[in-house]
Structures are given as C-alpha cells and as structure tokens.
A.B. asks: 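What follows is a structure written as structure tokens; I'll ask about it next.
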Amino acid sequence: MMMKMLLKTQTLNLISRSHPQRTLNVNHLSHSFALFTTTITGNTKLSDSPDPDSSESPDIPSWVTNQNPESKPSEDDDFVIPSLASWVENHPKVKRFAIATEKPQTQLDIFTQILKKPYSSPEEVVDTLNRSSLSVPSVSVNRLWKRFHDCWISAYGFFIWAKEQTGYNHDPQSYSFMVDILGKARKFDLMFDLLQEMNQLKGYINLYTIVKVMRRLARAGRFSEAIEVFRRVEEYGIEKDIMALNGLLDALIKGDSVEHAHEAFLEFKECMPLNSSSFNTLIHGFCKARKLEDARKILKEMKEYGCQPCVVSYTCFIEAYCREKDFDNVDSVLDEMKKKGCTPNAVTYTIIMHARGKSGTIGKALEVYEMMKNDGCLPDSSFCSSLIFILSKGGRLKDADEIFEDMKKQGLKPTVLTYNTMISLACEHSLEEKALKLLQRMEEDSCKPNVYTYKPLLRMCCRKKRMKVLNFLLSHMLNNDVSIDFSTYCVLVRGLCSCGKPEQAVAFFEEMVLKGMIPFDSLRKKLVETLEKENMTEAVEKIQRLMSNVTAE
DNA sequence: GTAGGGTTAG
C-alpha cells in the first residue's frame, strides 16, 4: 500500500513538472497513474493488444489472434501460418526483395552472388572475376565494402581485381574501407602494404585512416605497434598533433589497455598542447578499468594543467560508481558538479537511470527522470531508448510503447537503438506481428537497421518455425547491406537445429567456417547430434572435415 | 570518433 502511495505521488509529480515542450509526456505515457500502480501489484499482463492502427493497415495480417487451429505444421512449414505467409509473399517490399535475391538484376546483386561463394584466397576471387567478363560496378562499390566487411578474402580479391581494370582507380574512401577490413581480419602485413600504397598515391591517407589502423591494432592487443604508428605518423603525411594523440589514446583504451594509453600520454604530453579530451579519455580509461585512484590523479593533473573538469569528466566517475551500484557516491559526484556549476546532461542522467533500472528499482529510475526534468535537462533519443528498455524489463510494455509513440510527438527521432530495443523486446515476448511492423516502420523512417535489429527477429523465427519470414529477413538483411556476424550465425545454426531444419543449419555452419569464424565446440556438438539423429551421415562427415581444416591451420 | 549500447539459449 505504501508503495502504491509512493508511486502515485511520484507519477503525479512527473506529470506536473513536465516540460511544456520536447519532454516526454508522462501523463500520456500511462494514461493515468493507474498503470504505474497496477503494474507494481502485478495486475497488468503483457499482451499483444489489438493495435489501434490495424484496421487502417489491411496488409498486416491478424495472424496473432486469427490463427487457424486446423493449420497443423505440414512437411513444408513455410505455411504454418497461412495468413502470415501470404502477407510476407504479397507485401510489396517483400516482393522486391524476393526478386532481388532470385534473379540478380543489378550489378551489385551479380557481384554479391559471385563474392558470396567460398574462396580460399584473394587470387581465386581475382581469377573468377577475370573469367566473368564483368566490368567494375559504377555506383555500388561502397555497398560491396559494407556487405563484405567481415569477409576479407572476397573484399580484397575484388579490390585487387578492380584495381587491375583499365580506366578504374579506387578512390581514397575505398582504400580506407579496405584497410579497415584487413585490420579487422588481423591481416596486418597486408594492411600495412596497402597503407604504403596509399602513401605513395599522395593525399589518400587522412587522420581517419590512421586512427582506424591504430584502433584495429589495439583491438588485436598490438598496443606497441599502435603507438609506433603514431610515433611515425608524419611519414604518412599526417600532423602529429593533439587530434592524432587523442585518437591513439582512445584506440588504446577501446582495446582495453589504459596502461599503454597512460604510457603514451607520458611520452607525448610535452610534445604538444593537451586539451580536455586528452584528460577525459584517460579518466574514462581508468574508470572503465576500475582504477578510480588513477582516474582521480588524472583529474587533479587536468586542473593543474589549467583544464577545467567538465560534465564528461564527472560523468565518467558517475558511470564507474553506477557499475559498483554505489549510488551514495553517485549522489556525491552530482552534488560536487552542482557546486562547481557543472550541469549534468542527458548522458549523465541516462547512465544513472539505466543503472537504477538494472538494479531492479524502477521507482528510483523514474526519480532520476524527475530530477532531470527539475534540472531543466531535456531527454534525447538515447535516454528514451534506455527508459523504454528499463520499463520493458520491469514488465511495463505498455508504458514502453507510450514512450516510443511519444518520442515523435516530442520531436525526437527514434534511432536504430530505439528500434532495436523495441524489436528485441517484442521478440522476447513472441509478439511477432508487432516486431515485424516495427521493422517496417523503421524502413518508413529511413532508419538503417544493423545486425542487432535482425538477431532477435531471426531467433524468434527459429523458435516459432517461421521459415518464410526467416528467408524474408535474410533478404532484408542483404538488401540493407547487413552481413551476418559470428553470434548471429550461432543463433541461426542452433535455432535451425532445434526447429528441424538440419540442412539449413549445415549451410550456415559451413558459411561461417568458410568466412574464417571458429564456432564454439558446443555449437558443433549440437549440430552433429542433430544430424546423427536424422541419420545424415554425409553431413556429419562434411562438418568433421570442415572442422579438421580449421584446427589444422 | 571524449561520457550513455541492455550478448546466448538451454
């Protein structure tokens, strides 16, 4: 009862203190405070409530509520839910995707089909392309880099082949993409060769290229080499300035070595004037590594140097305390900030609200939102995504939906993170129609999906045995230049094993191995067990051959 | 790209 009263008061406060413009309308969010109180008592059920728009969208099936009990899973489970299958088939967008995958029509499709095949070396790709009598596609090269960013053999083979074609030269952006692809695949010798080649072309290397190189090296744990690139940065025609140093520090910290970042800082700090980013980057690094004493030392040094600590500096400390669930110290930092006239911003509040929500106290999380409004700080899209996430994790799907719908009204554009949050939550609760409609809205909003958009959808399709939708999603991914990553392959292989599609599971497993990914042993076991159960001896042998090649390398 | 991203089902 006490809790109810508290929440009631809190909700009313949230409503009365809301900003007139661009703030979330919490009143609208919950219709009334009733929702907040009913959820706390557990009376609000998660349900795929009838969508108010559904009557206006005849092309969206009512297959959640309108399932035909007689439509038992057939041999071809593409038609488990006939209305869904027909929606997917007849949807104009799906038709377009289907055409794109069945009959290659554009140059991009033709190249994609060729490059998708497994190759053992870039030379093999070059040979294949040489025999094809194709010419370099005029406009889609950038999309090819995106599609094959984690498939260095295909990308590099195409790169070499295209370079050899008369009348074609790669632009600096293509070189930069290729450098990054090689770095990601840890083909550092090739990456450095290409960097040399760019250097000879004059004007092809910019700071962005160098930062990418340092970042890839640092990610691979090659910290000294990353520092060496910075040391010799002028040989690449790049100024050894504070921008470059900050890039190095950030790369080393993203590669999880604040120690190397600190070493580099000590080595180069006398060579150029520092700025607050240099200090903040180091503070962040030490906070991330849970070395708060070191972070405090940098803060002190920052002041002595004449740089005023700012909202970013303090937010790093707040994040560190949030990670420890030390909310007393979070409050102390907030007080200190306010005393110094440094106003917390949406990032600061997002971090605190998220941490409060994750530690299971939604009431406290909403108090943060209230505090934020009192301080005159406006929520942004990332803040809303976090709020949606926190509310949904607490079982308040309807409130989360309201926040999502309110964003646009408040002039906030949902980002890919917002959509991913919404889609993944819909998928978790098996709200299939809702999840697919969100994907559709994303397209209408021109919001580019990423691999995290598709992963929960694909998982849900496997769980619910929606093969037609699965294929639709795979085409959709391809069309949006989103390639399947390691963990998504795992989801697909595991999911397809579980839903009685061993052939497809084998195909994806093979594809991931040929892309150079090394699957977990548990995944291989699951696949082999499934195949043995189905007496698919040849497939088992194929998997074993595939894996013996991997371990032999 | 100075700080906010909620992986992997069983």
Side-chain angles (χ1 to χ4, degrees), chain A residues 180 206-212 214-215 242-251 253-254 261 274-288 295 298 302 307 309-320 322-323 333 337 342 344-355 357-359 365 368 372 377 379-394 400 415-425 427-428 450-453 455-456 458-460 462-463 485-495 497-499 519-520 522-523 525-526 529:
Chain A
D180 196 47
N206 56 29
L207 178 58
Y208 187 70
T209 324
I210 295 296
V211 172
K212 268 186 178 176
M214 296 190 299
R215 204 164 272 169
I242 190 60
M243 298 267 286
L245 178 61
N246 289 347
L248 170 68
L249 298 180
D250 188 61
I253 284 162
K254 296 256 159 68
L274 303 172
N275 62 22
S276 54
S277 299
S278 331
F279 292 103
N280 287 338
T281 305
L282 271 182
I283 291 173
H284 176 233
F286 279 123
C287 284
K288 202 170 77 159
I298 301 294
M302 184 178 185
C307 276
C310 65
V311 60
V312 177
S313 337
Y314 290 114
T315 300
C316 293
F317 285 95
I318 286 183
E319 192 185 13
C322 279
R323 204 176 292 129
V333 180
M337 286 175 80
C342 176
N345 62 18
V347 179
T348 322
Y349 289 113
T350 308
I351 290 168
I352 307 172
M353 185 192 61
H354 202 96
K358 264 170 100 178
S359 68
V368 177
M372 175 181 181
C377 177
D380 60 12
S381 293
S382 280
F383 178 88
C384 294
S385 306
S386 263
L387 186 54
I388 288 168
F389 177 75
I390 292 303
L391 286 167
S392 308
K393 287 285 172 190
T415 62
V416 62
L417 176 61
T418 323
Y419 275 109
N420 288 359
T421 307
M422 291 293 293
I423 288 174
S424 112
L425 292 161
C427 292
E428 250 175 61
N450 60 26
V451 71
Y452 300 107
T453 314
K455 201 154 76 169
L458 294 170
R459 187 183 300 126
M460 179 178 68
C462 291
R463 199 173 61 232
D485 69 353
F486 179 81
S487 70
T488 309
Y489 273 115
C490 297
V491 166
L492 283 168
V493 173
R494 215 175 276 275
C497 281
S498 301
C499 77
F520 299 130
S522 62
L523 189 73
K525 275 186 189 154
K526 164 113 185 167
E529 273 168 26

A.B. asks: Can you tell me how far P of dT2(B) sits from CD1 of Ile298(A), to the nearest Å?
C.D. replies: 18 Å
A.B. asks: With sugar-phosphate meaning primed atoms plus P, OP1 and OP2, does Lys526(A) contact a base, only sugar-phosphate, or nothing at under 4.0 Å between heavy atoms?
C.D. replies: nothing
A.B. asks: Could you give the CZ-to-C1' distance, from Phe383(A) to dG5(B), as a whole number of Å?
C.D. replies: 15 Å
A.B. asks: Report the distance from atom CG of Asn420(A) to atom P of dG4(B), rounded to the nearest whole Å.
C.D. replies: 17 Å
A.B. asks: Report yes or no: does Asn450(A) contribute a side-chain atom to a donor-acceptor pair with the main-chain N or O of Thr453(A) at less than 3.5 Å?
C.D. replies: yes
A.B. asks: Rounded to the Å, how far apart are Asn206(A) CG and dG1(B) P?
C.D. replies: 17 Å
A.B. asks: Provide the distance between the two P atoms, one in dG6(B) and one in dG1(B), to the nearest whole Å.
C.D. replies: 14 Å
A.B. asks: If you look at every strand shown and take non-hydrogen atoms under 4.0 Å, does Tyr314(A) touch a base, only sugar-phosphate, or nothing?
C.D. replies: nothing
A.B. asks: What is the distance, rounded to the nearest whole Å, between atom CZ of Phe389(A) and atom P of dG4(B)?
C.D. replies: 16 Å
A.B. asks: Please state how far atom CG in Leu425(A) lies from atom P in dG6(B), giving the value in whole angstrom units.
C.D. replies: 14 Å
A.B. asks: Looking only at atom P, what distance separates dG10(B) and dG5(B), rounded to whole Å?
C.D. replies: 26 Å
A.B. asks: Given the structure, check if the side chain of Tyr349(A) and the base of dG4(B) hold any donor-acceptor pair shorter than 3.5 Å.
C.D. replies: no
A.B. asks: Can you check side chain to side chain donor-acceptor pair (under 3.5 Å) on Thr348(A) and Asn345(A), steps first, answer last?
C.D. replies: CA-CA 5 Å; Thr348(A) 322; Asn345(A) 62 18; 3.0 Å; yes
A.B. asks: With a 4.0 Å limit, can you tell me whether Arg459(A) has a side-chain N or O closer than that to the phosphate oxygens OP1/OP2 of dA9(B)?
C.D. replies: yes
A.B. asks: Within the 4.0 Å heavy-atom criterion, would you say His284(A) contacts the bases, only the backbone, or no part of the nucleic acid?
C.D. replies: sugar-phosphate
A.B. asks: Among dG1(B), dG5(B), dG4(B), which nucleotide sits nearest the side chain of Asn450(A)?
C.D. replies: dG5(B)
A.B. asks: Taking syn as within 90° of 0 and anti otherwise, name the glycosidic form of dG6(B).
C.D. replies: syn
A.B. asks: Is atom OH of Tyr452(A) surrounded by more than 12 heavy atoms (other residues, nucleotides or ligands) closer than 6.0 Å?
C.D. replies: no
A.B. asks: With sequence neighbours excluded, tell me which residues meet side-chain contact (heavy atoms from CB on, under 4.5 Å) with Val451(A).
C.D. replies: Met477(A), Val482(A), Asp485(A), Thr488(A)
A.B. asks: Which part of the nucleic acid, if any, lies within contact of Thr281(A), taking any heavy atom under 4.0 Å across all strands shown: a base, the sugar-phosphate backbone alone, or nothing?
C.D. replies: sugar-phosphate
A.B. asks: So, using side-chain contact (heavy atoms from CB on, under 4.5 Å) as the criterion, who are the partners of Cys322(A) when residues are at least two apart?
C.D. replies: Ile318(A), Phe327(A), Val330(A), Ile351(A), Ile352(A), Ala355(A)
A.B. asks: State whether the distance check finds a donor on one side and an acceptor on the other, under 3.5 Å, for side chain Asn246(A) versus base dG1(B).
C.D. replies: no
A.B. asks: Can you check the distance between dA9(B) and dG4(B), where both ends of the measurement are the C1' atom (answer in whole Å)?
C.D. replies: 28 Å
A.B. asks: By the 4.0 Å heavy-atom rule, please label Ser424(A) as base, sugar-phosphate, or nothing.
C.D. replies: nothing
A.B. asks: When you get a sec, tell me which of dG1(B), dG4(B), dA3(B) is the closest nucleotide to the side chain of Asn345(A)?
C.D. replies: dA3(B)
A.B. asks: Quick one: Phe520(A) CZ to dA9(B) C1', roughly how many Å, whole number?
C.D. replies: 12 Å
A.B. asks: Scan Ile351(A) against the nucleic acid and name what it touches under 4.0 Å (heavy atoms): base, sugar-phosphate only, or nothing.
C.D. replies: sugar-phosphate
A.B. asks: Of the nucleotides dG6(B), dG4(B), dG1(B), which has the atom closest to the Val211(A) side chain?
C.D. replies: dG1(B)
A.B. asks: Expressed in angstrom and rounded to an integer, what is the separation of Lys254(A) atom NZ from dG1(B) atom C1'?
C.D. replies: 7 Å
A.B. asks: Which nucleotide wins on minimum distance to the side chain of His354(A), given the candidates dG5(B), dG4(B), dG1(B)?
C.D. replies: dG5(B)
A.B. asks: Before giving the answer on side chain to side chain donor-acceptor pair (under 3.5 Å), spell out for Thr418(A) and Thr415(A) the whole-Å C-alpha distance, their side-chain angles and the decisive distance to 0.1 Å.
C.D. replies: CA-CA 5 Å; Thr418(A) 323; Thr415(A) 62; 3.1 Å; yes
